[in-house]
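Following: one structure in structure tokens, then a few remarks.
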Amino acid sequence: EPEVTQTPSHQVTQMGQEVILRCVPISNHLYFYWYRQILGQKVEFLVSFYNNEISEKSEIFDDQFSVERPDGSNFTLKIRSTKLEDSAMYFCASSEVRGVGATKTEAFFGQGTRLTVV
Amino acid sequence: AQSVTQLDSHVSVSEGTPVLLRCNYSSSYSPSLFWYVQHPNKGLQLLLKYTSAATLVKGINGFEAEFKKSETSFHLTKPSAHMSDAAEYFCVVSDQGNTPLVFGKGTRLSVIA
């Protein structure tokens with residue numbers, strides 16, 4: 001069964017360093033997302049990406065964050081200068097687009113990357 | 001704006017007994033509603049979804065949920081719990097299926113032998 005894959009599963013980084021979290025969405029999906037879950041808190045939306053551009057983003061997704069689809073299969077989240085409060089589980093997700101109205105189907109999630117900033 | 005309230009942070013049941021995980025939502029439009037499950041060190045797996053078709057939705061692993069508009073609820077049930085059902089369960093809402101998913105805080109289900 002097709003699945004979303006994320007690498008690495010766990011990343012430890014020094015405060016102030018740049019990190020790139022990688023995701024391979026399901027191959028025929030066109031909508032991509034990043035969500036995060038700080039320990040003990042809700043899963044929160046960060047950003048959605050469609051047609052090679054950001055379609056929506058939350059207040060969390062500030063200038064420190066960026067997303068990219070560098071090739072036909074990868075979707076990355078970059079955090080330029082990590083802070084302690086960026087420590088969280090980061091989930092990538094993807095969904096199909098169907099119909100004339102480009103309605104998204106349900107999102108399929110990866111297993112997450114646990115980011116620890118020290 | 002949409003929101004989700006999962007009324008119990010932790011539910012504990014005995015193996016073979018029914019499971020009820022409660023969820024209430026708030027949405028300005030016709031919502032799409034989902035239940036996702038997260039097993040330890042695993043990703044978020046879709047259990048079932050409601051998208052304005054039948055109000056009683058059947059999902060994987062014997063779970064089902066009923067959309068009740070009058071009560072703004074979407075409770076998750078299973079007739080008989082199995083040890084493998086122990087996990088974190090998230091109720092999720094999306095307005096008309098085209099806005100970002102909004103997650104509840106999650107309910108941790110424990111199953112006792």
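In what follows, every chain begins at residue 1, and chains take the letters A, B, ... in the order their sequences are listed.
- If you measure heavy-atom distances from B:Leu46 to chain A, the contacts under 4.5 Å come from the side chain alone.
- Using a 4.5 Å cut-off between heavy atoms, B:Val4 touches chain A through its backbone atoms (N, CA, C, O) alone.
- Residue-level contacts of residues 61-70 of chain A with chain B do not occur; threshold 4.5 Å between heavy atoms.
- No path of Ile, Leu, Val, Met, Phe, Trp and Tyr side chains, each step under 4.5 Å between heavy atoms, connects B:Val102 with B:Phe34, placing them in separate hydrophobic clusters.
- Around atom CG of A:Leu39, no more than 12 heavy atoms belonging to other residues, nucleotides or ligands sit under 6.0 Å away.
- Scanning residues 103-113 of chain B against chain A with a 4.5 Å non-hydrogen threshold yields B:Phe103, B:Gly104, B:Lys105, sorted by number.
- Grouping the Ile, Leu, Val, Met, Phe, Trp and Tyr side chains by contacts below 4.5 angstrom, directly or via other members, places A:Leu46 apart from B:Val92.
- Considering A:Tyr33, A:Phe45, A:Tyr35 as possible partners of B:Leu101, the one that fulfils the side chain to side chain contact (heavy atoms under 4.5 Å, CB included) test is A:Tyr35.
- Highest contact tally toward chain B, considering only A:Ala107, A:Gly40, A:Cys92, A:Gly112, is held by A:Ala107 [criterion: heavy-atom pairs under 4.5 Å].
- Counting heavy atoms of neighbouring residues, nucleotides and ligands inside a 6.0 Å radius, atom NZ of B:Lys69 does not exceed 12 of them.
- Following chains of ILVMFWY side-chain contacts shorter than 4.5 Å, one cannot reach B:Tyr89 starting from A:Val43, and the two form parts of different hydrophobic clusters.
- Both B:Phe67 and B:Trp35 are members of a single hydrophobic cluster when ILVMFWY side chains are connected at heavy-atom separations under 4.5 Å.
- The number of heavy atoms from other shown groups lying within 6.0 Å of NZ (A:Lys57) does not exceed 12.
- There is no contact between B:Gln45 and chain A, counting heavy-atom distances below 4.5 Å.
- Hydrophobic clustering of Ile, Leu, Val, Met, Phe, Trp and Tyr side chains at less than 4.5 Å, counting indirect connections, unites A:Tyr90 with A:Ile60.
- Atom CD of A:Glu106 and atom OG of B:Ser32 lie 9.5 Å apart (nearest 0.5 Å).
- For A:Glu85, the CD atom sits in a packed shell: over 12 heavy atoms of surrounding residues, nucleotides or ligands are nearer than 6.0 Å.
- Contact of A:Gln37 with chain B is made through the side chain alone, with heavy-atom distances under 4.5 Å.
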